[in-house]
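Here's the structure we're looking at; comments come further down.
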2 protein chains.
Amino acid sequence: MLKLSKLTDYAAVIMAQIARDPDQAHTASELAARVKLPHPTVGKTLKMLAKSGLLESRRGSHGGYVLSRSPADITASDLIAAIEGPIGMTECSHADGECGLLDSCGVADNWQRVSQAIRTLLDGVTLAHLAQSSPLKLPVQLPIQSVTLPTASGALREH
Amino acid sequence: MLKLSKLTDYAAVIMAQIARDPDQAHTASELAARVKLPHPTVGKTLKMLAKSGLLESRRGSHGGYVLSRSPADITASDLIAAIEGPIGMTECSHADGECGLLDSCGVADNWQRVSQAIRTLLDGVTLAHLAQSSPLKLPVQLPIQSVTLPTASGALREH
DNA sequence: GTAAAGAGGACTAAAATGGTCCTATATGGC
DNA sequence: GCCATATAGGACCATTTTAGTCCTCTTTAC
């Protein structure tokens, strides 16, 4: 369903918590309590975020995690990539991907373009946006297809 | 990785095949041969597409599948929804979704907006687009964030 | 009647995911 | 130096999801 994994979801919630109080280090235990998730799970998530460079960690007593850069400079793409790896809709979205069906496929290029569009969209959403409690007006809500594409009736809107 | 399932991928390839020759019925065997995938798998995919109304089927001898409407009226959203169910990035993207963490979450609304933006984007991509063999110029390639959003450095571009 | 086709569902195998736990290492305070 | 507090880094298992196959039934053209 084009869904984020639970861990990515947790990551977003945790990062938003940190972003709302960016000037001090946060421990896994503290965040687990605030977010109401089990400590081991939160710990794992934090480790992944640190490993991919979105958080900086300090070990030992009085340790914890801080953002490695401003919330406005951390994108949704970054979060997703940190937990789930490279974003791409299909196997062949990646440069080295070989599906062996390229000749009979005929849609690979176009899916890649769609992937790219989604990446671009997610690059435009920052942690600062996500952490906002006030309703966020995303520009991307524009009905893109009506701007430049001719057709697309858009039936089956019960998604 | 925000990835489509393999079956959705197959569905797109199969639908594109049909879209390129929309005036006659196509059997599962024929499509399996053309797409170079095992017959049972292609059959299953076709059944799902038919069940969700994107294909119409005729049984019996000389039977097969035809598009239920024009390729320009079948969207990427439709394809994905047919195979994977409703599109949504998080559990709580759905109306009835209850994650029990709503109070401590604080990002649900914003993720929903992002989900909506992706849906809109996918609504703008049609089967006609996907089936085009010539490079498709998607309007959505515009760097959306630079149009209206201030920040987003977009590091980690190795996606 | 027979052959060709889809409908529907049961079933299995494999892979991804979520979650926990253990040991090692770093840091600060006493 | 020692101890308490943290993270680092894996190993590990349970569960769920996904992919793929197969079987039986129904429909239809000839």
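Below, chain A is the first sequence line, B the second, and so on; all start at residue 1.
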Measure from the side-chain N and O atoms of B:Asp9 to the backbone N and O of B:Lys6, and report whether any donor-acceptor pair falls under 3.5 Å.
no
Going by atom types only, do B:Arg113 and B:Gln116 share a side-chain donor-acceptor pair under 3.5 Å?
no
Assuming nearest nucleotide by heavy-atom distance, tell me which of A:Gly43 and B:His39 is located more 5' along DNA chain D.
A:Gly43
Between D:dT26, D:dA8, C:dG8, which one does the side chain of A:Lys47 approach most closely?
D:dA8
Regarding B:Asp123 and B:Thr120, is there a side-chain donor-to-acceptor distance under 3.5 Å anywhere?
no
Nucleotide nearest A:Thr41 (side chain, heavy atoms from C-beta), chosen from C:dT20, D:dT7, C:dA7:
C:dT20
Nearest whole angstrom, please: distance from the C1' of C:dT2 to the NE2 of B:His62.
13 Å
Expressed as a whole number of angstroms, how long is the span from A:Met48:CE to D:dT7:P?
15 Å
B:Leu7 near the nucleic acid: base, sugar-phosphate alone, or nothing, with a heavy-atom cut-off under 4.0 Å?
sugar-phosphate
Between A:Thr8 and A:Glu84, do the side chains contain an N or O donor and an N or O acceptor separated by less than 3.5 Å?
yes
Between NZ of A:Lys44 and P of C:dT23 the distance, given in whole Å, is 19 Å
Examine D:dT27: is either OP1 or OP2 under 4.0 Å from a nitrogen or oxygen in the side chain of B:Ser61? Give yes or no.
no
D:dG10 phosphate, OP1 or OP2: any side-chain N/O from A:Lys51 under 4.0 angstrom?
yes
Would you tell me if any nitrogen or oxygen in the side chain of A:Ser29 comes within less than 4.0 Å of OP1 or OP2 on D:dT5?
no
Quick one: A:Arg58 CZ to D:dA8 P, roughly how many Å, whole number?
12 Å
Is the shortest side-chain N/O distance from A:Tyr65 to OP1 or OP2 of D:dA8 below 4.0 Å?
yes
Just to confirm, is there a sub-4.0 Å distance from OP1 or OP2 of D:dA8 to any side-chain nitrogen or oxygen of A:Ser57?
yes
Can you check whether B:Tyr10 has a side-chain N or O nearer than 4.0 Å to OP1 or OP2 of D:dA19?
no
